[in-house]
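Residue numbers begin at 1 in each chain, while the letters A, B, ... track the order of the sequences. Any value given below was found using the heavy atoms of this structure, including those in side chains, with hydrogens, waters and symmetry copies removed.
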Protein chains: 2
Amino acid sequence: MPWKDGTGPPWLHGKFKGCGYRMTIPRQGILDVLNETADHLSAEDIYHKVHGAYPSIGLTTVYRTLELLVHTGLVYRFDFGDGRARYELAEGPKSIGHHHHLVCTGCGRIIDYTDFIEEEIELLKQTEKGLTKKYKFRVTNHLIQFYGLCEACQGTG
Amino acid sequence: MPWKDGTGPPWLHGKFKGCGYRMTIPRQGILDVLNETADHLSAEDIYHKVHGAYPSIGLTTVYRTLELLVHTGLVYRFDFGDGRARYELAEGPKSIGHHHHLVCTGCGRIIDYTDFIEEEIELLKQTEKGLTKKYKFRVTNHLIQFYGLCEACQGTG
DNA sequence: ATTTATATTGATAATGATTATCATTTCCAT
DNA sequence: ATGGAAATGATAATCATTATCAATATAAAT
Ligand SMILES: [Mn+2]
Ligand SMILES: [Mn+2]
Ligand SMILES: [Zn+2]
Ligand SMILES: [Zn+2]
């Protein structure tokens, strides 16, 4: 289980405490930043944003908290190929829900999409079942990304 | 054709020269290694393997050649979450063809699978078409990975 | 074959994101 | 309040990947 205790959590604040961790000011700040943005922020992005509200925060704490959040499943970590990890709140009030990504190899822009998600998830479910049977592999997560050029980057051949 | 030493795949020669590059001994060695393995090697893995045949090769050359190969589309670069890029020949005689990956988060093992590929590709094609229409995004590539635990790693709960 | 221009190489240093240390501070249960 | 565990932040260390740059290898031109 990702939770230290056996308690099931509501959301964020409660979800965090439910895992047996303390909800501190730096952690709250980091969660706030993640909850208020629509972007896919890097650790340093988050550090700078939190720094506005809590100037004493250290970059190390940001990395540590993100590691914690990823481990507990509250946050997803992505690699879009620009050399730094990027983070996104797994789900919550402001979340658009489960989605996949379009990654522009021209400008690095990331587009969330939920279109066709149902069909994709349905196929993934079937695929998972088959793979589990054949390879005895227990799937816990999946990653789907499309790479290409966004509208703005198609002009500059 | 003047193949310096390698027994390597001639099916790459034209593509290489067609792009204005020279087929040198270090490059041939790197391609040989990629062509002979079924694993997903890191740059350093490749460096060590090529070093057996060409001890004077430098790690820098490996990185540069891989960058070249990825850029020309002959090689795919993957990130499986272990902090280093891994490489795989895009296609060729010994290739199993287009496939996706199962990534064990327990031991790092990578499993190639081609099962359900047809169905997946078919759905991806449709999804691509819809995404192109809605987001004006020109898809050139896609990435699908399943994360979970391999058979050996499921025992150690 | 000799020359010439260019592509390629490899040793080395630099970069930059992420981790490891560790002393200090904060939190919580007693 | 108090003691112990958890969390923090400044700093140094890792480590994969890139940037430099002088030396070498290659292909074309003479
Ligand atoms: Mn997203
Ligand atoms: Mn593979
Ligand atoms: Zn773009
Ligand atoms: Zn495993």
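- A straight line from CG of D45(A) to P of dT18(C) spans 11 Å, rounded to a whole angstrom.
- In terms of polar N and O atoms assigned as donor or acceptor, the side chain of T60(A) comes within less than 3.5 Å of the base of dT11(D) in a complementary pairing.
- Here the C1' atom of nucleotide dA19(D) and the CG atom of L59(B) are 14 Å apart, to the nearest Å.
- In this structure, S56(A) reaches the sugar-phosphate backbone alone: every heavy-atom distance under 4.0 Å involves primed, P, OP1 or OP2 atoms, never a base.
- Looking only at side-chain heavy atoms (C-beta outward), H100(A) and F146(A) stay at 4.5 Å or farther from each other.
- Nucleic acid contact class of R64(B) (heavy atoms, under 4.0 Å, all strands): base.
- Look at CG on D79(B): it is 12 Å from C1' on dA16(D), rounded to the nearest Å.
- Going from atom CD1 of I25(B) over to atom C1' of dA25(D) covers 10 Å, rounded to whole Å.
- Residue M23(B) contributes atom CE, which lies 10 Å from atom P of dT9(C) at whole-angstrom precision.
- If you check every strand for non-hydrogen atoms under 4.0 Å, T61(B) touches a base.
- Taking 4.0 angstrom as the limit, T24(B) places a side-chain polar atom (N or O) nearer than this to OP1 or OP2 of dT9(C).
- Minimum atom distance to the side chain of Y63(A) is reached by dA17(C), of the listed dT17(D), dT8(D), dA17(C).
- Taking atom CG on D82(A) and atom P on dG16(C), their separation rounds to 14 Å, with Å as the unit.
- Separating the CZ atom of R84(A) from the C1' atom of dG16(C) is a distance of 8 Å, rounded to the nearest angstrom.
- In summary, the aromatic rings of F78(B) and H101(B) are positioned with their centroids under 6.0 Å apart.
- OP1 or OP2 of dA7(D) has at least one side-chain nitrogen or oxygen of R27(A) nearer than 4.0 Å.
- When side chains are defined from C-beta on, T37(B) does not count as touching D45(B), because their heavy atoms never get closer than 4.5 Å.
- Atom C1' of nucleotide dC27(C) and atom CD of Q28(A) are separated by 16 Å, given to the nearest angstrom.
- Nearest to the side-chain atoms of I57(B) among the listed nucleotides dA17(C), dG10(C), dT17(D) stands dG10(C).
- Contact annotation for R22(A): base contact, defined as any heavy-atom pair under 4.0 Å involving a base atom.
- Put simply, the side chain of Y76(B) does not reach to within 4.5 Å of the side chain of Y87(B), judged on heavy atoms.
- Each of T24(A), I25(A), V50(A) was evaluated against I30(A); a single residue qualifies, V50(A), per the side-chain contact (heavy atoms from CB on, under 4.5 Å) test.
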